[in-house]
Structure formats: structure tokens, C-alpha cells
Asker: 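I have a structure I would like to understand better, so I am pasting it below and will then ask my questions one at a time.
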Amino acid sequence: MSVPAINAATPILTAPLPIFLAVLLIILVTPVLLNKLKIPYVIGLIVAGVVVGPYGVNLLARDMSFEVFGQVGILYLMFLAGIEIDMYHLKKNLRKGFVFGLYTFIVPMLVGTVASSLLLDLDPLTSVLLASMFAAHTLIAYPIVSRFGLTRSAPVVIAIAGTIFTVLGSLIVLAAVVGVFRQGEFRIGGTLRLLGSLTLYCIVIAYCYPRVTRWFFRKWNDNILQFIYVLAMMFLAAQLASVAGIEGVFGAFYSGLVLNRYIPGKSPLMGRIEFVGNAIFIPYFLIGVGMMINIGVVTRGWGTIYAAGVMSAIAMSSKWLAAWFTQKTYRMKPLDRSVIYQLSNAHTAVALAVVTIGYGMGLFDEVILNGTIVMILVTCTVSSLGTSRAAQRLKVEMLSDEGGAEDTKRSARGNVLIPIANPLTAEELVDLALLMRGSRGGKVFALHVRNDNSASSRAIGRNSLDVAEQAAASVDVRITPLERYDMNFVTGVVNTIEERDIDRVIIGLHRRTNVIDSFFGDKLTKLLRATNKMVVISRCFIPVNTVSRIVVAVPDKAQYETGFAAWVVAIANLAGQLGCRAIFCCSGATRQAIATVIASGRHDVRAEYRLMEQWDDFILISNKILDDDLFVIVNARRASLSHNSELDSLPEFLQKYFSQQNLIVLYPEQFGEESDVLTMAETLSTDIVTAPSPLWLRLMAIYKGVAVLNRKFTHRERRNKIEL
């Protein structure tokens, strides 16, 4: 018997340019036409591949371009699944994913082996090989849940974790069957070598990739170079997996998990990765899958129809049983079971590999080969349609559940103002603002204030705003540029706050220019006195996406401030987007309030807490703040409840103990009457530093001397209480 021959006639299109144009038109037109028929985008591309392929009108041949782009597409699909998954959810649902992986591998193996032997009259070895094809599945419907924004939901995470487990299990079974067929007996040595290679591979990738990535991102901040680097690391991981005897799709997925930490969901780099994959590579893969499907095999006799029906029934029923067992084990909702089942129902890549190898060894005949092709078409269609329906219901349910956390989320919807004076720091500030803003924020404004009309000043302002707009546009966020002529920086910012109803200001930390200059600078000091809105002052020496931990020092009674929930939500959003821990150093009462805000807002953040009895205890942790940590100090204005006299010396402490650390100094919002608003005389002299009187200097020296003596007696008792 021979493999069903692909249409030997010359395809209509043979030149490279018409072929690529035809593929682009298919990618463009298919969603437009099928959306009216309520057919999912994924199944539409597969059907389009069937129509234009060698088994259809023979418009395109499945040549080397589809082989290359198809292989890249499946790797890209698994890479996106790994890089978009939330590590917090993965760790939270890892046990469930492992159990589902066991179910979705063992159940199809048992059911498939028995049913193949009884219904298809296959020998035991062939039945086991065919069952391994039923066990493995491909996340072909993953783009559907991605479009609905459900990649971080629990059932999707469980399905992804189970997918990798069952793919590896199927490949191990395949290797064992091939060994038995060629050697006449089962030898455990080959299986142990494969498991050893898998373990060594995971250790090497997990150790090397984070260190190399952190170094590269710090060394080169160019977006294009970073994008090329990420793709190179993905393909390198896939190639190394193939060398180790593991399927390349596992390498792509695993590299996505390892690099997940350094590519935030709201970053420009993530936007480029998703765009290229969803626009070119993944559609190419789906069209290529459709071109391999031969509908004509159904007409080749009742034997093919019978085999295809049995194989499709076994594949879908066994996957449903695995999802049902998972639901019952963890008492999940029927909707969660439906999402898990539909995502794990499609069979393509591994099924083709298994049936090709089995056919080449003579274990499978043409009936099984043709039945596999029909099974692929049936399972892909059912999976795509079912995932679309289940994803819609899950999205509606999640949106309705979010209604209970509406009050907490409202604090994340305010308008954000980013004063920008230098184009070199514009992108950094925009990235930080968008990461802290979350997914349901209000409008974002970029402001440049100038007090002269010179050509150089106008050019700097326009360039700064252009950089800010480009940074926001790369993550599909619209930013409103504002170029303002005012008496000085502080007046321009304050007036913009009032005119645009701003709730939060993100600004870069002032760099000292002379010895008598203050740590914050005169402009920031006057800005804090002139507004009661939240002000976030940032100074980062490394890209924010390479931060490993966020350490937050919180003063006592901070929970009584009006803007308490807003800054907690901002830190939670930042930690969630970066996928890192947030360590809150605070009192016991403040800890409870922070945990309440995080829990009520359902923020996916790994929050940890350390007891800090005295505000100046954060000096004791200066040696524990690493170069890749972000140290956040929640400060307080003089009129606030959480303010104390020790905060007056904060700038001096920061300059002395934290001059090389990545810092954010955060002033929470305060409602009520604004105090100490700038007068006309003050606004005309904001750039003049007033020297303190000799009497004031003497009093401050006495105060600081007493404070130092007091700390010497108390530091030893508190030293062991603050451990990061």
C-alpha cells in the first residue's frame, strides 16, 4: 500500500510572489467572511487550506515554504502559550495541571489500546502505538482563548500544563514501541536515557537562559534587537530539544516559560511577539494543516469511514473523560471542564508524526492513515467550535464576577500624567506607568512643559512626546501628548492636573547637579506641596522588565490614607505584570489592610510580608536590596496621618544608603483642602534654592544626634526581624 498521493498536477501558482500574495489574501479575507457565519478563525484557516491545497482546487502546493513556515508556526504557537501564561496561575494550578496531564494521557492510552484491539482488530503493539496518538493533542484552539483574553484563567492554564505532559508521554511511548518493533523486546535503557536527557535539558535551560537574558536586556535596550534575541532563543531551545531526543514543541514551550519573567504582557516587546506570530507564522501553520487533509479519502470505501468514525469517537470520548475526571477530582465547574476538554480535543502534530512513523514501519495500513486524516479534520473542527462557545461563556462569567471587585478596581481607572523633560527617559516612564496602570486604566497623558519659545526647546519637547507616543502605541495604548507653555514646570504640571482630572503623576527622579542641591530637587518638592494627587517618583538603573523583586517599605498607619487602596493596586499591577514577588515591609495592622485590598481586587500577585516596627528599619535592609530589585518607599506628606518626624530625613537616608538601588518613592493621594499651595511669588522662584538659617541647622543637628543614639540601642534588637 502507498500513501495517498498528493495531486501531482502542477499547481496554479508557482512563483514566490503570487504564492505569498495568495496566502496573505487568505489570512485577510477568511476572518471577514467566516465571522458572518460565526465560524472560528482557526477552523476557517484550516478549511481555506483544504480548499486551496493539493486536495482541493490545487491553487497552492504544499512546498518547502509551507514546511518551513508550518514548523515555525507550531513552535511559535507553543512559545506563545508558554510566554503568555501567568507564572502565578501556573504555580497555583500546577498540581491540577499535573493531574489533568495524567488523566489525559492514561485514559486515552487505556481506552485507545482496548478499543483499537477490539474494534479495529489490531495487534497489541499496534494498538499501543495508535493509542499514543489519541493521548497527545495540539493546542490548535489556543489563539481563540488568547483573543478573548483568557490565557491566565485557571482552566486554560490547566489545559496547557497537561498538554506538555501528555506530549512527552506520547513521545516516550512512541520511542518504546519503535524499540520493541526493531529489537523484538522492551529495553528500559532507552527510556531512561530519554528521561535523563529531558532532565539535563531542563536544568541547563533554566540556569542559562535567565542569566543570559538579563545581561542582554540590560546591555541592549533596542526593541528590534530584543525581538530577534527572543526568537533566536526560542529556536535554539527547540533545536537543543531535538538534539536531546525531545520534540521541538516542548523546547519552544519551555523557553517561553523561562523567558516569561522578562517579557511583561504590557510591554512593547510582547506586542511585537504576538503581532508577528498571529499575523504570519501561526496562520501559515493552520493553512498548512488544512493542505494535508484529503476529504476524498472518505469516498474510498466503508472501511475508511468506519475506521475514521471509530478513531474520532475514541479520541474525543477519551479526552472528555479525562476532563470529566479532572472536574470531579477538584470539584470544578462544568464550564471549566468544557474549556479544558475543548482545548485538549484537537489532534494534529503528534498524530501526524505517530501515524507517519507507524505507516513507514508497516504497523499501520492505508485505512488507518486515511482515518487519521479524517480524525484530524473532525477533532480540529469540534475543538475550534467548542472552544469558541466555551470561551465566550467563560468571558461573560469572569466579567460578571468582577462586579464584586468594582470598588477596588475603580482606583486603577484614574487618568495618568507623565511629565517628560528628556526623550532618553520618556520610554522608561511610559513603560512604568502602563505596568502600574493595569488593564482597566483611564486616559494617559504625556506632558512637556517649557517656559521659552526657542527652537531647541520646542524640538526637545516634540521629540520627547514622540518617543512617549511610540512607546504607548507599541502596546496598543493611546497616549495623549500635551505640550504646554507655562511660567515653570510646577505650575504647568499643577494646571494640567486640574484641567485633565489627573489622579496619578509618574515622574523621573531629579538628578543632583551640585552639592547644595536636594535629593528630590526643588521642583519635585514644590510639586508635592502643590498637589494632593498620587505622585510616583522613579529612578531605575536597569530595564523594569529585568526586576526580580519589588520590596515595599510602608509607614505605620498608611492604611488610613485616602489613597491607600490606589497605591496598593498600582504595586500589585506592577508585580503581576512583571511576574515577580512583592515584599511588603510594614506593621501588622498595615499588612492586614494590604492583604485585604489585594484579595478583594483579585490581583494575581505573589505578595509576601515582613514585619517592620520602626520606619527607619528600612535602613537595615539596605544590604539586602540587590541590584536587580526595585525598592519602593511609600512616603507621606506632612499633613497626612501616616507622616512622622523620621520621614523628614528620608532624602538624606536615600542618598546615603540607596544611591545605587533602583528606587520608587511614592506619595499616596490625599483628598481634602490642598495645603501649602504655591503663591505667585513662589511660582516665580521655583528654581532658586533657599539656604536654611543657622539656627535651623543647629536644631536639626541636635535632633539627628539624638536620633542616631536612639537607633544604636534599638537596631540590635530589630536586626533579626527584617529578613528578605
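All of these numbers come straight from a predicted model, not from anything done at the bench.
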Asker: Can you list every pair that meets side chain to side chain donor-acceptor pair (under 3.5 Å) and has a residue in residues 102-120, with sequence neighbours left out?
Answerer: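 Every pair satisfying side chain to side chain donor-acceptor pair (under 3.5 Å) with a residue in residues 102-120: Tyr103-Thr329, Thr104-Lys319.
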Asker: Near Trp320 CH2, under 6.0 Å, is it more than 12 heavy atoms from other residues, nucleotides or ligands?
Answerer: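 Atom CH2 in Trp320 is packed in, count exceeds 12.
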Asker: Taking salt bridge (charged side-chain N to carboxylate O under 4.0 Å, His left out) as the test, write out the residues that go with Arg214, two or more places apart.
Answerer: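 Result, salt bridge (charged side-chain N to carboxylate O under 4.0 Å, His left out) vs Arg214: Asp628.
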Asker: Check the pair Leu257, Tyr209 against side chain to side chain contact (heavy atoms under 4.5 Å, CB included), reporting the backbone distance first and the verdict last.
Answerer: CA-CA 11 Å; Leu257 285 181; Tyr209 268 42; over 6 Å; no
Asker: Of all the heavy-atom pairs spanning Tyr254 and Ala206, show the shortest one and how long it is.
Answerer: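 Nearest heavy atoms, Tyr254 then Ala206: OH-CB, 3.5 Å.
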Asker: Phe66 vs Leu60, test: side chain to side chain contact (heavy atoms under 4.5 Å, CB included). Steps then yes/no.
Answerer: CA-CA 10 Å; Phe66 283 96; Leu60 300 173; 4.0 Å; yes
Asker: When rounded to the nearest 0.5 angstrom, what is the spacing between CG in Leu200 and CG in Leu195?
Answerer: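 Rounded to the nearest 0.5 Å, the CG-CG separation comes out at 12.5 Å.
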Asker: Are any of the side-chain heavy atoms of Val396 and Gln392 separated by less than 4.5 Å?
Answerer: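 Side-chain contact under 4.5 Å: no.
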Asker: So do Pro143 and Ile282 actually touch side chain to side chain, heavy atoms under 4.5 Å?
Answerer: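 Yes. Closest side-chain heavy atoms under 4.5 Å.
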Asker: Measure the spacing between CG of Leu119 and CE of Met311 and express it to the nearest 0.5 Å.
Answerer: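 So the CG of Leu119 and the CE of Met311 are separated by 12.0 Å.
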Asker: So which heavy atom on Pro108 is nearest to which on Ala131, and how close?
Answerer: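 Answer, listing the atom of Pro108 first, then Ala131: O-CB, 4.0 Å.
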Asker: Look up atom CG in Leu321 and atom CD1 in Ile106, then write down how far apart they are to the nearest 0.5 Å.
Answerer: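 The distance works out to 13.5 Å.
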Asker: Please enumerate all residues that pass side chain to side chain donor-acceptor pair (under 3.5 Å) together with Tyr229, with sequence neighbours excluded.
Answerer: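 Counting only residues at least two positions away or on another chain, Tyr229 forms a side chain to side chain donor-acceptor pair (under 3.5 Å) with Thr213.
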Asker: Give me the atom names and distance for the closest heavy-atom approach of Ile27 to Ala279.
Answerer: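 Of all heavy-atom pairs spanning Ile27 and Ala279, the closest is CD1-O, 3.8 Å.
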Asker: Does any part of the side chain of Ile273, heavy atoms only, come nearer than 4.5 Å to the side chain of Tyr76, both counted from C-beta?
Answerer: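 Of all side-chain heavy-atom pairs linking Ile273 with Tyr76, at least one is under 4.5 Å.
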Asker: Tell me, which pairs form a ring-ring contact (aromatic ring centres under 6.0 Å, His included) where one or both residues lie in residues 121-175, sequence neighbours left out?
Answerer: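 Residue pairs with at least one partner in residues 121-175: Phe98-Phe165.
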Asker: Which distance, rounded to the nearest 0.5 Å, do you find between the CG of Leu130 and the CG of Leu122?
Answerer: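 The distance works out to 6.5 Å.
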Asker: Rounded to the nearest 0.5 Å, how far does SG of Cys580 lie from OH of Tyr262?
Answerer: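 Answer rounded to 0.5 Å: 10.5 Å.
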Asker: Would you check, one step at a time, whether the test side chain to side chain contact (heavy atoms under 4.5 Å, CB included) holds for Phe69 with Phe285?
Answerer: CA-CA 6 Å; Phe69 279 94; Phe285 162 69; over 6 Å; no
Asker: Any chance you could lay out the side chain to side chain contact (heavy atoms under 4.5 Å, CB included) test for Phe79 and Val230, step after step, and finish with the verdict?
Answerer: CA-CA 10 Å; Phe79 178 71; Val230 169; 3.4 Å; yes
Asker: For the residue pair Ile12 and Val57, establish whether any side-chain heavy-atom pair is separated by less than 4.5 Å.
Answerer: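 No, too far: nothing below the 4.5 Å cut-off.
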Asker: Would you give the length of the straight line joining atom OG1 of Thr387 to atom OH of Tyr341, rounded to the nearest 0.5 angstrom?
Answerer: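 Going from the OG1 atom of Thr387 to the OH atom of Tyr341 covers 10.0 Å.
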Asker: If you look only at pairs with a residue in residues 272-282, which of them pass as a salt bridge (charged side-chain N to carboxylate O under 4.0 Å, His left out), with sequence neighbours excluded?
Answerer: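 As it turns out, there is no salt bridge (charged side-chain N to carboxylate O under 4.0 Å, His left out) pair with a partner in residues 272-282 once direct neighbours are skipped.
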Asker: Any sub-3.5 Å donor-acceptor pair from Ser344's side-chain atoms to Ile340's backbone N or O?
Answerer: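 Side chain of Ser344 to backbone of Ile340, a donor-acceptor pair under 3.5 Å: yes, one is there.
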Asker: Backbone N or O of Lys96 within a donor-acceptor pair of the Asn93 side chain at under 3.5 Å?
Answerer: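 Flag not set: sc Asn93 to bb Lys96 has no pair under 3.5 Å.
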Asker: Is there side-chain contact between Thr163 and Thr138, with heavy atoms separated by less than 4.5 Å?
Answerer: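 No; the side chains remain at least 4.5 Å from each other.
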Asker: Under the rule for side chain to side chain contact (heavy atoms under 4.5 Å, CB included), what residues qualify as partners of Pro334, not counting sequence neighbours?
Answerer: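 Partners of Pro334 under the side chain to side chain contact (heavy atoms under 4.5 Å, CB included) test: Gln327, Arg337.
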Asker: For residues Leu231 and Val276, determine if any side-chain heavy atom of one lies less than 4.5 Å from a side-chain heavy atom of the other.
Answerer: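 No, side chains not in contact.
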Asker: Do you know the tightest heavy-atom contact between Val173 and Ser132?
Answerer: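 Distance-wise, the nearest heavy atoms are CG1-CB, 3.8 Å.
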Asker: My understanding is that only residues two or more places apart in sequence, or in another chain, count here; which of them pass side chain to side chain donor-acceptor pair (under 3.5 Å) with Asp121?
Answerer: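 Testing Asp121 for side chain to side chain donor-acceptor pair (under 3.5 Å), a comparison that skips the adjacent residues, returns none.
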Asker: Using every non-hydrogen atom in the two residues, find where Ile158 and Phe100 come nearest and quote the distance to one decimal.
Answerer: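 That closest heavy-atom pairing would be O-CD2, 3.6 Å.
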Asker: For Phe364, enumerate each residue passing the ring pair (Phe, Tyr, Trp, His ring centres under 6.0 Å) test, keeping only those at least two apart in sequence or located in another chain.
Answerer: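 Checked Phe364 against ring pair (Phe, Tyr, Trp, His ring centres under 6.0 Å); zero matches.
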Asker: Which atom pairs, donor and acceptor, lie under 3.5 Å between side-chain atoms of residues 373-380 and protein residues at least two apart or in another chain?
Answerer:
residue	atom	partner	partner atom	Å
Thr379	OG1	His347	N	3.4
Thr379	OG1	Met375	O	2.8
Thr379	OG1	Ile376	O	3.2

Asker: I'd like to check the side chain to side chain donor-acceptor pair (under 3.5 Å) partners of Arg606; sequence neighbours left out, ordered by chain and number.
Answerer: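 With sequence neighbours excluded, Arg606 shows a side chain to side chain donor-acceptor pair (under 3.5 Å) to no residue whatsoever.
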Asker: Could you list the residues that satisfy ring pair (Phe, Tyr, Trp, His ring centres under 6.0 Å) with Phe235, not counting sequence neighbours?
Answerer: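 Per chain and number, Phe235 pairs via ring pair (Phe, Tyr, Trp, His ring centres under 6.0 Å) with no residue.
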Asker: List the atom of Gly49, the atom of Met291, and the distance in Å for their closest heavy-atom pair.
Answerer: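 Closest pair (atom of Gly49, atom of Met291, distance): O-CG, 3.3 Å.
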Asker: Listed by chain and number, what are the side chain to side chain donor-acceptor pair (under 3.5 Å) partners of Glu67, not counting sequence neighbours?
Answerer: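 Checked Glu67 against side chain to side chain donor-acceptor pair (under 3.5 Å); matches are Arg62.
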